[in-house]
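Atoms considered below: every heavy atom in the structure, side chains included; atoms not considered: hydrogens, waters and symmetry mates.
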Amino acid sequence: MSQNSVPAPVQAMVDAINAADTEAFVSAFTADGFVSDWGTVRAGPDGLRSWAGSDAIGAGARMTVLSATTEGETTRIRFGWSSRVFNGESDGIFVVEGDKLASFTIPPAH
């Protein structure tokens, strides 16, 4: 993989956020997939919808992958984020399970 290319499930999630498509966002994850945003975990379809509504799609978010490295099932990215809730850069950690995301973690800033 090139430096900035990401696995298809990661790209599907980024595309869903940028297209403001909540259902596509939810369907990028496994049935028990979750987002952990600074330690707040939202799991399963309802949890994912909730996070998308409050922190991502519902906040008008745009996500840009700045760099990415993948080892096995884990992809670590640095991304730019622009929304009504947060603007700036963050780290993201994705775990891929088959053709879906098992998790997307945004660790607290150091």
Side-chain angles (χ1 to χ4, degrees):
M1 283 196 182
S2 74
Q3 182 68 26
N4 285 339
S5 72
V6 295
V10 174
Q11 190 61 54
M13 190 211 82
V14 172
D15 290 346
I17 288 174
N18 290 339
D21 187 335
T22 300
E23 290 314 306
F25 174 81
V26 172
S27 67
F29 288 82
T30 60
D32 59 351
F34 68 87
V35 171
S36 175
D37 188 351
W38 285 52
T40 300
V41 176
R42 308 260 186 99
D46 290 343
L48 293 168
R49 254 184 221 98
S50 170
W51 183 83
S54 62
D55 291 76
I57 293 165
R62 300 288 296 170
M63 183 176 186
T64 307
V65 176
L66 303 173
S67 63
T69 57
T70 299
E71 290 182 27
E73 303 299 300
T74 303
T75 297
R76 295 174 181 275
I77 70 168
R78 183 81 181 160
F79 64 93
W81 187 268
S82 171
S83 77
R84 290 187 293 277
V85 175
F86 174 81
N87 292 288
E89 291 184 12
S90 292
D91 294 311
I93 304 163
F94 295 90
V95 176
V96 174
E97 190 174 290
D99 63 351
K100 301 275 188 179
L101 293 174
S103 64
F104 170 40
T105 300
I106 305 167
H110 302 302

(request) For Thr64, enumerate each residue passing the side-chain contact (heavy atoms from CB on, under 4.5 Å) test, keeping only those at least two apart in sequence or located in another chain. (result) Leu66
(request) Identify whether Phe25 and Val65 are in the same connected component of the hydrophobic contact network (ILVMFWY, side-chain heavy atoms under 4.5 Å). (result) yes
(message) Give me the atom names and distance for the closest heavy-atom approach of Ser50 to Arg42.
(response) OG-NH1, 2.9 Å
(request) Mind checking the CD1-CD1 spacing from Ile17 to Ile57? Nearest 0.5 Å is all I need. (result) 6.0 Å
(message) According to a hydrophobic-cluster definition based on side-chain heavy atoms being under 4.5 Å apart (Ile, Leu, Val, Met, Phe, Trp, Tyr only), do Val10 and Leu48 belong together?
(response) yes
(message) Using the salt bridge (Lys or Arg N to Asp or Glu O under 4.0 Å) criterion, which residues pair with Glu23? Sequence neighbours excluded.
(response) Arg49
(message) Main chain of Pro9, side chain of Lys100: is a donor-acceptor contact present, judged purely on distance under 3.5 Å?
(response) no
(request) Look up atom OG1 in Thr75 and atom CZ in Phe104, then write down how far apart they are to the nearest 0.5 Å. (result) 11.5 Å
(request) Answer whether the closest heavy-atom distance between the side chains of Thr30 and Leu101 falls below 4.5 Å. (result) no
(message) If I take atom OG from residue Ser82 and atom CE from residue Met63, how far apart are they, to the nearest 0.5 angstrom?
(response) 12.5 Å
(message) I'd like to check the salt bridge (Lys or Arg N to Asp or Glu O under 4.0 Å) partners of Arg62; sequence neighbours left out, ordered by chain and number.
(response) none
(message) Is there a continuous path of hydrophobic side-chain contacts, each under 4.5 Å between heavy atoms, that joins Val6 to Phe79?
(response) yes
(request) List the atom of Ala31, the atom of Pro45, and the distance in Å for their closest heavy-atom pair. (result) O-CD, 3.4 Å
(request) Please name the pair of heavy atoms, one in Val85 and one in Ser54, separated by the smallest distance, quoted to 0.1 Å. (result) CG2-O, 3.7 Å
(message) If I compare all heavy atoms of Ile93 with all of Pro107, which pair ends up nearest, and what's the gap?
(response) CD1-CG, 4.3 Å
(message) In this structure, would Phe86 and Met13 fall into the same cluster of hydrophobic residues linked by side-chain contacts under 4.5 Å?
(response) yes
(message) Pair Val35, Phe29 - check side-chain contact (heavy atoms from CB on, under 4.5 Å), show working.
(response) CA-CA 9 Å; Val35 171; Phe29 288 82; 4.0 Å; yes
(request) Report the distance from atom OG of Ser36 to atom CD1 of Ile106, rounding to the nearest 0.5 Å. (result) 8.0 Å
(message) Working to the nearest 0.5 angstrom, can you tell me the gap between Trp38 CH2 and Thr105 OG1?
(response) 14.0 Å
(request) Quick one: pull up CG in Asp21 and OG in Ser27 and give me the separation to the nearest 0.5 Å. (result) 7.5 Å
(request) Heavy atoms only: give me the nearest Ser5-Ala68 pair and the separation to one decimal. (result) O-CB, 3.9 Å
(message) Looking at every heavy atom in both Trp81 and Ala61, which two are closest together, and how far apart are they?
(response) CZ2-CB, 3.3 Å
